[in-house]
Amino acid sequence: MTLPHSPGNAGEPQASQAVQVHRLEHRQEEEQREERQHSLHMGSSVQRRTYRSSEEEQQFSSEDYALAAALALTASSELSWEAKLRRQTTTVELEERGQKRVGFGNDLERMEMAFLRTQRLLRQRRDWKALRHRTEEKVREAKELIELCSGRGPWFWIPLRSHAIWEHTTVLLTCTVQGSPPFQVTWYKNDIRIDPRLFPPGKYRITNNYGLLTLEIRRCVVEDSGTYTVLVKNAYGQASSFAKVLIRSYLEKDAGFDSDIFKRSMFGPSVEFTSVLKPIFAREKEPFSLTCLFSDDVLEAEQRIQWFRDGRLLRSSTRRQILYADRQAFVKVSCAYKEDEGLYTVRVSSPFGPQEQSAYVFIRDAAAEKPGAPGSPLSVRCLNVHRDCLTLTWAPPSDTRGSIITGYSIELCKGDSEEWVPCHKAPGGTCRCPIQGLTEGQSYRFRVRAISKAGSSLPSKPSEVVVMGDHDAIQRKTEIPFDLGSKITISKSDFEDAVTIPSAPTNVHASEIREAYAVLSWEEPRPRGRAPLTYSLEKSIIGSGTWEAISSETPIKSPRFALLDLEKGKSYVFRVRALNQYGMSDPSEPSEPIALKGKPVTLPPPAQVQAFRDTQTSVSLTWEPVEGGTELLGYYIYSREAGASEWQTVNNKPILDTKFSVPGLRTGKEYEFCIRSVSEAGVGESSAVTQPIRVKQALATPSAPYDFALLSCGKNEMVIGWKPPKRRGGGKILGYFMDQHDSEESDWHPVNHQPIPSRVCKVTNLHEGHFYEFRARAVNWAGTGELSAPSSLFECKEWTMPEPGPPYDVRVSEVKATSVMLQWEPPLYIGVGPVTGYRVSFQEKGSEEWKPVTPDVTSGTHLRVSDLQPGKQYMFQIQAVNSAGLGQPSVPTDPVLLEDKPDAREIEVGVDEEGRIYLAFEAPEAPDFSEFQWSKDYKGPPDPQRVEVEDEITKSKVILKEPDLQDLGVYSVVVPDADEDTSASHTLTEEELNKLKKLSHEIRNPVVKLISGWNVDILEQGEVRLWLEVEKLSPAAELHLIFNEKEIFSSPVNEFDKLLRKADATRRDWKRKQGPYFQEPLKWKVTEDCQVLLTCKVTNTKKETRFQWFFQKKDAPSGQYDPQTGAGLLCIEAFSKEDQGLYRAVVSDDRGEDDTILDLTGEGLDAVLTELGRIGALSATPLKIQGTEEGIRLFSKVKFYHMEYMKTTWFHKDKRLESGDRVRAGTTLDEIWLHILDPKDSDKGKYTLEITAGKEARQLSADLSGQAFDDALAEHQRLKALAVIEKNRAKVVRGLPDVATIMEDKTLCLTCVISGDPSPEISWLKNDQPVSFLDRYHMEVKGTEVTITIEKVTSEDSGRYGIFVKNKYGSETGQVTISVFKHGEEPKELKKM
């Protein structure tokens, strides 16, 4: 059969080419498929090997989890692609064979086609089988990989949470856990495994639903409360989660997580403080301790009890011990220093949160070795420690004891030895000093003493031990980590050549400049070599052009050196060379000019110092902080009683806060306060003195009333009583507001709209049979206080019981070590009959038994309970008795601690100046506007017909109008508004009353008492004088002389007056010497330093004696007084006519007062100034010669000069000189000078200065010739040339501001004035780059005015602009910062760049 020809026959070459293309594509696809499968196979193998060899948790990607699906898709895609390609290839081959075998017939063709079909099917089956086997192998490996990757320890996706439920309900604890392989689950309660089989059926139900774990607890009871824990584990690890379960019983407010029952069961017993920390006033070098008591033993006391000072945790040391024993915690310091001063806090952890108590410890200065010496410095620290030098800093003492600190002495101690050696002295104006010449590797300690004219202080506390070494060596080392935690340390010196001569040091600069020294610092040379380095320094005075080596006692090993020998007023430059064993480096670049600063200025005092009431013994201070930056070390506080002149230091350690509570003050006294800033420059001036403030408790709102009681009840009314607030807020309780609440309603309703003055309230319009609860709040001058807790529920049901109701308002007063006084009010409900008596019972705190005080009932409403045990706490209650028996008990009193208070006040009994008998009671701690309630025999106020009551702010007095036997009895007084018991009593007996009446009669009817009998004096002229001495007489006294029963009138009046005056003077002198008096009156003397000293001496003094200095009737605080020697001293440093006036010294105590006065006016002033002039003339130094810009100057220094009392005359070659055009003479306070202008050869010769002061005259001479004249003339010419240069050099005189702001699109004009001869060259800079005057920039020069104009400024024009002017004499730059802001914005002030 011949196949028909198709149109494609003509394209045989095209068919053959297509087959080849198909075959090529087939081979390429086969190769790509094998590469892809191989990469997949290798990728899974690598992942599997990585997982098996890793100990860390694996993170799987989506490719890992979809591996099996990917292989299946790959296989299916390969199969479909091969089938399609084979079909295409077979079709082409058949077409080729058909063309070649047309002549064989159809049978052969069919057989061939069947063979090919069979061959194709077999090949497909073989490929399918191989693919299926390969896919199954891949899937099996992927499953193994996934299972291996998913194997890990369990972990909680959602942990357990705590529950609080009511009793008899069900709780379900649930959590979610993940992990592989499956894990084992175990439940625990309070660390005991839960086995449901050991409990009633259905009590516990445990489930595990694919990682969702549940524990169901049914029919819960209180005993089911506890900690429940679930523990899950498998082969890879375990995990646990816990939760607390609280089963609430119906106990209302006593249930829940906040209940005491739960906290004690979960966390153990609570610990409370049973004592209060009080301020400690210790003394330097002496021990002190703080102690606090706890209510129970503290478990793990070392971890739970912590002590802090100023917020820093304290640890035990050689000086400090922190102990706990017998429910007491101690801090004991064996030797106190000022650094130990501060706020001490003890903190103890508790189930109810940490509890704290704090108290301030004050360390007073120890007694000085010499009277008047200042207190010791403190806070000695070592800074900038190097190989051979460091910087020492300290804080100045607060008390200089009246003498100015002139310097500080520094001592050092090497190693552990206790040998202290003086090493340096620092000037008094600074608390900072460099120490040099130390030994590398040696340890040191330092201490400081303050020095004044009175002597040296005690040494400060030694500094911490410091070891000298190269502390910068760490920066030259580099650590390279390797091999799981190991490190290799490489030093930069390892890369240095061992024989390299070091290069020059760099960055030579002054790191610190003070009044007496400057510290020069530099950086080490790079490269530096491996050999150890030392340094040599050179200095040069500006303008000298020469370098001078700076000598040092020891080699300089550190890149830091203190320059201690610089002269004030001169500028220096320095350079440094490095040296090692191979040689010396080149010099470094010179430093910038360095000059010593002036005397450091102390910081100003704080402003707005205000004092406020705080407690009964303290005052709170606040003030504004001082802007001192790092220079501020803190503040010193000073106090004094109002009217006193001497200030007392409050704190001896500077405080950094701006508020402080000053404790230890006397209640009721008025005090004044001032504050000083402390810095390294010393203690600054005092702030403005506060207004006097009386020490009283600060006024605050009162606390809540408590202990409500039902006193009486009717059908629709109740009478409620309560106790007053424990804290009354420092003021009188004005009344109470009360609310009521019906238990059947939801809202509270007010009972009264105006304050109830008493603590008993009758509530009406109630519903019989309903239950009510009440609450109240107190009111004082500060406002309404805290709201009380609701009372118990009281049923409104009329009382019909035969027994009486409860007494109320039980008060405890006059608390002693073994007795108390009880008073109460009778019950409002008396039952069937009158009250016949009262039964008083007591209960010791901690006991549950009430014991009667007396076997019989008490008839009155007061009773003194005696024979109690001191130091214990008691509670008391009262029951009324009638014919039916004992009534309801009163509300028990609060626990009362029996002890004798050391500051308890008693009633004072006496007779005043008018002869009135009085009983007085003073209570400085009494609140403002409080009342003193007096009572006689505890039955009420005394009879106003017999007594008169006079009340003052803190004192009350009962005056007996006509004292007789009716006034005998017990007088008691109480201050009801005080927080603490403020009461007293006194029994006035007949014997005491008779003594008082006798004393009253003597005062009202005085008899002149004789001090001496008759004395006889025989005068020079033979006259006989009779005299006697009596007590002081009033002006109304009359004198009658009786001789032989006849009055004598013949005595001359003048003689009698003289005798009277002499007797009065003798009496005054005798009386004066009964107290402190001046043994030596005020006198003056002038010292060699031209200081005027006013001295006096006091004798017959005691500790309480006060000494005061006055000048022109004003207090003179600079005056000093030594109580041990009695010497008084007032030093006037620079005496002038402003110091003229009356000086007065006063000494006084409770025995009397004496004074002495010195008049330094008129002749007295002339005498002092004349003596000053004489000593000033003798103090003149030899004449010195100095070249100046104008000429040659001769001068002499003096310690004092006054034109009126000192005259000066100059001579040249024995010829008197007068001031003229070329010679000028003048004086200052400390210098006498002669100035020769434009010196010439004729000015050579001998010059003489004659100084005359009174009768003293002194002559000083100097020879201005030869080398002296040449040197002075050369210096004059040099300075004159420098002045010419300075005058003519280019300068920017004025005009440019520091900062300028301008809005966008405006035109900016900057104008400045320049000077210089010749006219300087001008250029403008912007951000240190030249300005191109194009487009918007223009410059205009008019004479000495230079103007730059910028049109339409933009934000890009912001920056720093400068004008640079230069001529042959020098250059200068003026700068201004320009800020351009946008429309609508506020201009921002730029800081100076």
Is the count of non-hydrogen atoms from other residues, nucleotides or ligands lying under 6.0 Å from [X] atom [atom1] greater than 12?
{"X": "K1244", "atom1": "NZ", "value": "yes"}
{"X": "Q1091", "atom1": "CD", "value": "yes"}
{"X": "E624", "atom1": "CD", "value": "yes"}
{"X": "I404", "atom1": "CD1", "value": "no"}
{"X": "K1326", "atom1": "NZ", "value": "yes"}
{"X": "E685", "atom1": "CD", "value": "no"}

From [X] atom [atom1] to [Y] atom [atom2], the distance as rounded to the nearest 0.5 Å:
{"X": "L1264", "Y": "Y1247", "atom1": "CG", "atom2": "OH", "result": "5.5 Å"}
{"X": "L579", "Y": "L533", "atom1": "CG", "atom2": "CG", "result": "8.5 Å"}
{"X": "Y517", "Y": "Q436", "atom1": "OH", "atom2": "CD", "result": "10.5 Å"}
{"X": "S1323", "Y": "F1333", "atom1": "OG", "atom2": "CZ", "result": "8.5 Å"}
{"X": "H1338", "Y": "C1309", "atom1": "NE2", "atom2": "SG", "result": "10.0 Å"}
{"X": "L1172", "Y": "I1175", "atom1": "CG", "atom2": "CD1", "result": "6.5 Å"}

Would you say [X]'s side chain and [Y]'s backbone share a donor-acceptor pair under 3.5 angstrom?
{"X": "D388", "Y": "G437", "result": "no"}
{"X": "Q1375", "Y": "R1360", "result": "no"}
{"X": "R1258", "Y": "L1178", "result": "yes"}
{"X": "Y582", "Y": "A531", "result": "no"}
{"X": "S677", "Y": "P604", "result": "yes"}
{"X": "S1358", "Y": "V1380", "result": "yes"}
{"X": "D1271", "Y": "A1268", "result": "no"}

Item to check | Test side-chain contact (heavy atoms from CB on, under 4.5 Å) applied to I1350 - qualifying residues, sequence neighbours left out | outcome: L1308, R1336, Y1337, V1353, D1357, Y1361
If the threshold is 4.0 Å, N to carboxylate O, is there a salt bridge linking [X] and [Y]?
{"X": "E524", "Y": "R526", "answer": "no"}
{"X": "K1207", "Y": "E1250", "answer": "no"}
{"X": "E1304", "Y": "K1382", "answer": "no"}

Are the side chains of [Y] and [X] in contact, using a 4.5 Å heavy-atom criterion?
{"X": "L438", "Y": "L390", "result": "yes"}
{"X": "K1291", "Y": "S1315", "result": "yes"}
{"X": "V576", "Y": "P587", "result": "no"}
{"X": "E538", "Y": "F574", "result": "no"}
{"X": "L1296", "Y": "L1310", "result": "yes"}
{"X": "I451", "Y": "I405", "result": "no"}
{"X": "V1313", "Y": "V1346", "result": "no"}
{"X": "H424", "Y": "L564", "result": "yes"}

Checklist entry - Are T1188 and H1276 close enough, and set up right, to give a side chain to side chain donor-acceptor pair (under 3.5 Å), and what steps lead you there? => result CA-CA 5 Å; T1188 66; H1276 159 64; 5.3 Å; no
Checklist entry - Are I1363 and C1312 close enough, and set up right, to give a side-chain contact (heavy atoms from CB on, under 4.5 Å), and what steps lead you there? => result CA-CA 9 Å; I1363 179 173; C1312 64; 3.5 Å; yes
Checklist entry - When the ring planes of Y535 and W522 are compared, do they come out parallel, tilted or perpendicular, using 30° and 60° as the limits? => result perpendicular
Checklist entry - What do the steps show when you test T1248 against L1260 for side-chain contact (heavy atoms from CB on, under 4.5 Å), and what is the final call? => result CA-CA 6 Å; T1248 303; L1260 304 172; over 6 Å; no
Item to check | Candidate pair K1366 and E1321, rule salt bridge (charged side-chain N to carboxylate O under 4.0 Å, His left out), full reasoning | outcome: CA-CA 5 Å; K1366 178 181 179 182; E1321 301 175 3; 5.8 Å; no
Checklist entry - Do H509 and S521 have side-chain N/O donor and acceptor atoms under 3.5 Å apart? => result no
Checklist entry - Side chains of T391 and R560: do they bring a donor and an acceptor to under 3.5 Å? => result yes
Looking at every heavy atom in both [X] and [Y], which two are closest together, and how far apart are they?
{"X": "I1192", "Y": "L1273", "answer": "CD1-N, 4.2 Å"}
{"X": "Y1201", "Y": "T1228", "answer": "CB-O, 3.6 Å"}
{"X": "V678", "Y": "L603", "answer": "O-CD1, 4.4 Å"}
{"X": "V1365", "Y": "P1320", "answer": "CB-CB, 4.1 Å"}
{"X": "A1290", "Y": "N1367", "answer": "N-OD1, 3.2 Å"}
{"X": "V626", "Y": "P605", "answer": "CG2-C, 4.0 Å"}

Checklist entry - Taking it one step at a time, do R1193 and E1231 satisfy salt bridge (charged side-chain N to carboxylate O under 4.0 Å, His left out)? => result CA-CA 12 Å; R1193 186 169 179 267; E1231 192 177 70; 2.3 Å; yes
Checklist entry - Does anything in residues 585-601 pair up under salt bridge (Lys or Arg N to Asp or Glu O under 4.0 Å), and if so which pairs, sequence neighbours excluded? => result none
Next on the checklist: Run L1217 and L1234 through side-chain contact (heavy atoms from CB on, under 4.5 Å) and show every step you take.
Outcome noted: CA-CA 10 Å; L1217 291 177; L1234 177 70; 3.9 Å; yes
Next on the checklist: Using the rule given for salt bridge (charged side-chain N to carboxylate O under 4.0 Å, His left out), can you reason through K1199 versus D1089, listing the C-alpha separation, both sets of side-chain angles and the distance that settles it, and then say yes or no?
Outcome noted: CA-CA 7 Å; K1199 295 182 179 179; D1089 294 332; 3.2 Å; yes
Checklist entry - Checking salt bridge (charged side-chain N to carboxylate O under 4.0 Å, His left out) for the pair K1287/D1317: CA distance, chi angles, key distance, verdict? => result CA-CA 8 Å; K1287 178 181 178 181; D1317 187 14; over 6 Å; no
Next on the checklist: Once salt bridge (Lys or Arg N to Asp or Glu O under 4.0 Å) is applied, do any residues pair with R1278, and if so which ones, sequence neighbours excluded?
Outcome noted: E1275
Checklist entry - Is the distance between the ring centroids of W394 and Y408 under 6.0 Å? => result yes
Next on the checklist: Using the rule given for side-chain contact (heavy atoms from CB on, under 4.5 Å), can you reason through S536 versus I556, listing the C-alpha separation, both sets of side-chain angles and the distance that settles it, and then say yes or no?
Outcome noted: CA-CA 7 Å; S536 67; I556 303 173; over 6 Å; no
